[in-house]
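Heads up: the structure comes next, in structure tokens.
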2 protein chains.
Amino acid sequence: MTRLSPTARREEIIAATLRVASTKGMANTTVRDVAAEMGTSSGLIHHYFSSMDEVLAAAFEEAAGTDLANTEAAMRSSSDAIGRLAAFFAAYTRSDEDSAFQLWLDAWAEASRRPALGATSQRLNVAWQRLIASTIAEGIDDGVMVCDAPDATAWRVLSLLDGLSLQLAAHPGVIERGDVVDWAMTALEAEVGLPAGTLARPAGQRAVAD
Amino acid sequence: MTRLSPTARREEIIAATLRVASTKGMANTTVRDVAAEMGTSSGLIHHYFSSMDEVLAAAFEEAAGTDLANTEAAMRSSSDAIGRLAAFFAAYTRSDEDSAFQLWLDAWAEASRRPALGATSQRLNVAWQRLIASTIAEGIDDGVMVCDAPDATAWRVLSLLDGLSLQLAAHPGVIERGDVVDWAMTALEAEVGLPAGTLARPAGQRAVAD
DNA sequence: ACCCTTATTGCGCGGCTGTCCAATAACGTC
DNA sequence: GACGTTATTGGACAGCCGCGCAATAAGGGT
């Protein structure tokens, strides 16, 4: 019976939940599973979270929020909008390697049954869309992109990424992992008036628009 | 205690399952729910289906299969490939009005837990992709479309439809229902070298390629 | 060394799930 | 009208779930 500080225990519960959810899926992650993963009793979890819904919501927020923060950080290292979009797709490729998308799919499907989880996934999804939309808007201000509705374009790109990830998860083999990002990148390039391949090439190889 | 023929009873079970699933979602549709919906005992269901997984799979096959058949029928009424694609999107708009997509989302999410349901949704999904791909191929043969990889294009269009439907379901309000089909249509037009708006206009208003 | 706060335990409760099975009742056949 | 087939019943069974609560033990402040 090792006694931890409230914040440390909370984090451990979230970490254990993600560990279980990554193998069993969110819908099958139970209080007893998480407790067993931590090696503690199940009652402990209800001492920190008022319901299992909030445990899953907190775990999803941790996973998806970290992904978002990492991506934002990677994008900040580029000074121009084109470089930031390229960094966005590069980060997406990396985060796609583990079973990150399965988490999103579970969250969407469970949203109707688990209010807190639904609200969290909705909030983070909008954050991703805004990240794309605002970067496109910067590109327009800088005069390197052309788009009359950055918001709608961002929704389309995000939807395409989601849909392709869905098909990738459902039909491993027919769609290659690399295709997902390549296709979404090409679609975005076409929408904002960028030459094909611009976002795939490292910054040094890009033609400078003067 | 009204006694039905095996085929009639099977169909009633499937119909009752769909009725329950449309309100409670597939994941929450239980044997007892379906039995109560029919006004019979729960044991009866296992007299016709070996497991709940197969009940849900059969119900999904009925719903999605009917949609597919209706769409194919609507497409057959057009003689040219362009008209058939236009009919495809028109049919998709209609089938999207009820909660058809929620069924797909549930099926995808439950696929890992329910083998039969997963296999069924996978099979039907491929059928939809093939329907698009083969129609594009006809358009190429007829010389009215240009596309070097109809199969990949079909996957992209289907993914975009799925992704947009996902966002529509998750964020009612930010994405309009009509946008889903409009955007997917525009994407396809661009991919196969069709003038923008071609697929949205009725056949009479289309320019005849001679 | 004491005490008071509180993190943690361990289990019980009510309810839900899918599956199975003996008993029953309906229907076609002779 | 009797009989055999079989559709249908209704509940038992084992297992899982989220949640709540009294008891326990750990540890910091004094």
Side-chain angles (χ1 to χ4, degrees), chain A residues 1-17 20-21 23-60 106-107 109-118 120, chain B residues 1-17 20-21 23-60 106-107 109-118 120:
Chain A
M1 188 167 167
T2 46
R3 200 182 163 113
L4 290 187
S5 77
T7 63
R9 182 60 81 186
R10 247 190 89 98
E11 286 167 10
E12 200 192 331
I13 292 175
I14 290 174
T17 302
V20 174
T23 63
K24 301 186 61 177
M26 268 205 174
N28 300 40
T29 299
T30 72
V31 196
R32 287 166 177 84
D33 288 333
V34 177
E37 173 72 22
M38 288 194 299
T40 67
S41 75
S42 69
L44 180 57
I45 291 165
H46 280 92
H47 193 255
Y48 291 94
F49 295 90
S50 60
S51 73
M52 192 59 194
D53 181 18
E54 304 211 25
V55 176
L56 293 172
F60 180 79
D106 286 353
E110 289 286 298
S112 58
R113 283 179 288 275
R114 321 196 100 126
L117 180 60
T120 301
Chain B
M1 186 168 168
T2 46
R3 199 183 163 115
L4 291 187
S5 75
T7 64
R9 182 60 80 185
R10 248 190 87 100
E11 285 167 10
E12 200 191 332
I13 292 176
I14 290 174
T17 302
V20 175
T23 62
K24 300 187 59 175
M26 269 205 174
N28 302 44
T29 300
T30 73
V31 196
R32 286 165 179 83
D33 288 333
V34 178
E37 173 72 22
M38 288 194 299
T40 67
S41 75
S42 68
L44 180 57
I45 291 166
H46 280 90
H47 194 255
Y48 292 93
F49 294 90
S50 58
S51 73
M52 193 58 195
D53 181 19
E54 304 212 23
V55 176
L56 293 173
F60 180 80
D106 285 353
E110 289 286 297
S112 57
R113 285 178 288 275
R114 321 198 101 126
L117 179 60
T120 301

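Chain letters run A, B, ... following the sequence lines, proteins first and then strands; every chain starts at 1.
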According to side chain to side chain contact (heavy atoms under 4.5 Å, CB included), who are the partners of Ala16(B), at least two apart in sequence or on a separate chain? Arg19(B), Val34(B), Glu37(B), Met38(B)
Does Ala109(B) have any side chain to side chain contact (heavy atoms under 4.5 Å, CB included) partners at least two apart in sequence or in another chain, and if so, which? Ala109(A)
Nearest-angstrom distance from the residue atom [atom1] of [X] to [atom2] of [N]:
X	N	atom1	atom2	answer
Phe49(A)	dG20(D)	CZ	C1'	18 Å
Arg32(B)	dG10(D)	CZ	C1'	11 Å
Arg9(B)	dT8(D)	CZ	C1'	8 Å

Expected output is a numbered-order residue list: members of residues 36-45 of chain B with a heavy atom under 4.0 Å from any atom of DNA chain D. What is it? Thr40(B), Ser41(B), Ser42(B), Gly43(B), Leu44(B)
Interface residues of residues 23-30 of chain A with DNA chain D (non-hydrogen, below 4.0 angstrom): Thr29(A), Thr30(A)
In short, Gly118(A) meets Ala111(A) closest at the heavy-atom pair CA-CB, 3.7 Å
What pairs of donor and acceptor atoms, side-chain ones from residues 24-31 of chain A against any protein atom, are under 3.5 angstrom apart with sequence neighbours left out?
| residue | atom | partner | partner atom | Å |
| --- | --- | --- | --- | --- |
| Lys24(A) | NZ | Asp33(A) | OD1 | 3.4 |
| Lys24(A) | NZ | Asp33(A) | OD2 | 2.9 |
| Asn28(A) | OD1 | Arg113(B) | NH1 | 2.5 |
| Thr29(A) | OG1 | Gly25(A) | O | 2.8 |
| Thr30(A) | OG1 | Arg32(A) | N | 3.4 |
| Thr30(A) | OG1 | Asp33(A) | N | 3.1 |
| Thr30(A) | OG1 | Asp33(A) | OD2 | 3.1 |

Between which nucleotides of DNA chain C, 5' to 3', does chain A make heavy-atom contacts below 4.0 Å? dT6(C) to dG12(C)
Under 4.0 Å, heavy atoms only, any strand: does Tyr48(B) hit a base, just the sugar-phosphate, or nothing? sugar-phosphate
Does anything in residues 38-57 of chain A form a ring pair (Phe, Tyr, Trp, His ring centres under 6.0 Å)? List the pairs, not counting sequence neighbours. none
Pairs under 3.5 angstrom only: tabulate donor-acceptor contacts from the side chains of residues 3-14 of chain B to other protein residues two or more places apart or in another chain.
| residue | atom | partner | partner atom | Å |
| --- | --- | --- | --- | --- |
| Ser5(B) | OG | Thr7(B) | OG1 | 3.4 |
| Ser5(B) | OG | Ala8(B) | N | 3.3 |
| Arg9(B) | NH1 | Glu12(B) | OE1 | 3.1 |
| Arg9(B) | NH2 | Thr2(B) | O | 3.2 |

For Ser50(B) and for Pro6(A), locate the closest nucleotide of DNA chain C by heavy-atom distance; then report the residue assigned to the nucleotide nearer the 5' terminus. Pro6(A)
Please write out each protein N/O paired with an N/O of nucleotides 27-30 of chain D under 3.5 Å, distance rounded to 0.1 Å.
none

Hey, could you give me the CG/CD distance between Asp53(A) and Glu110(A), rounded to the nearest 0.5 Å? 9.5 Å
What's the spacing between Thr17(A) OG1 and Ile45(A) CD1 if we round to 0.5 Å? 6.5 Å
Phosphate OP1/OP2 of dG20(D): any His46(A) side-chain N/O under 4.0 Å: no
May I ask you to list the residues of residues 109-117 of chain B, by number, that have any heavy atom positioned under 4.0 Å from an atom of DNA chain C? none
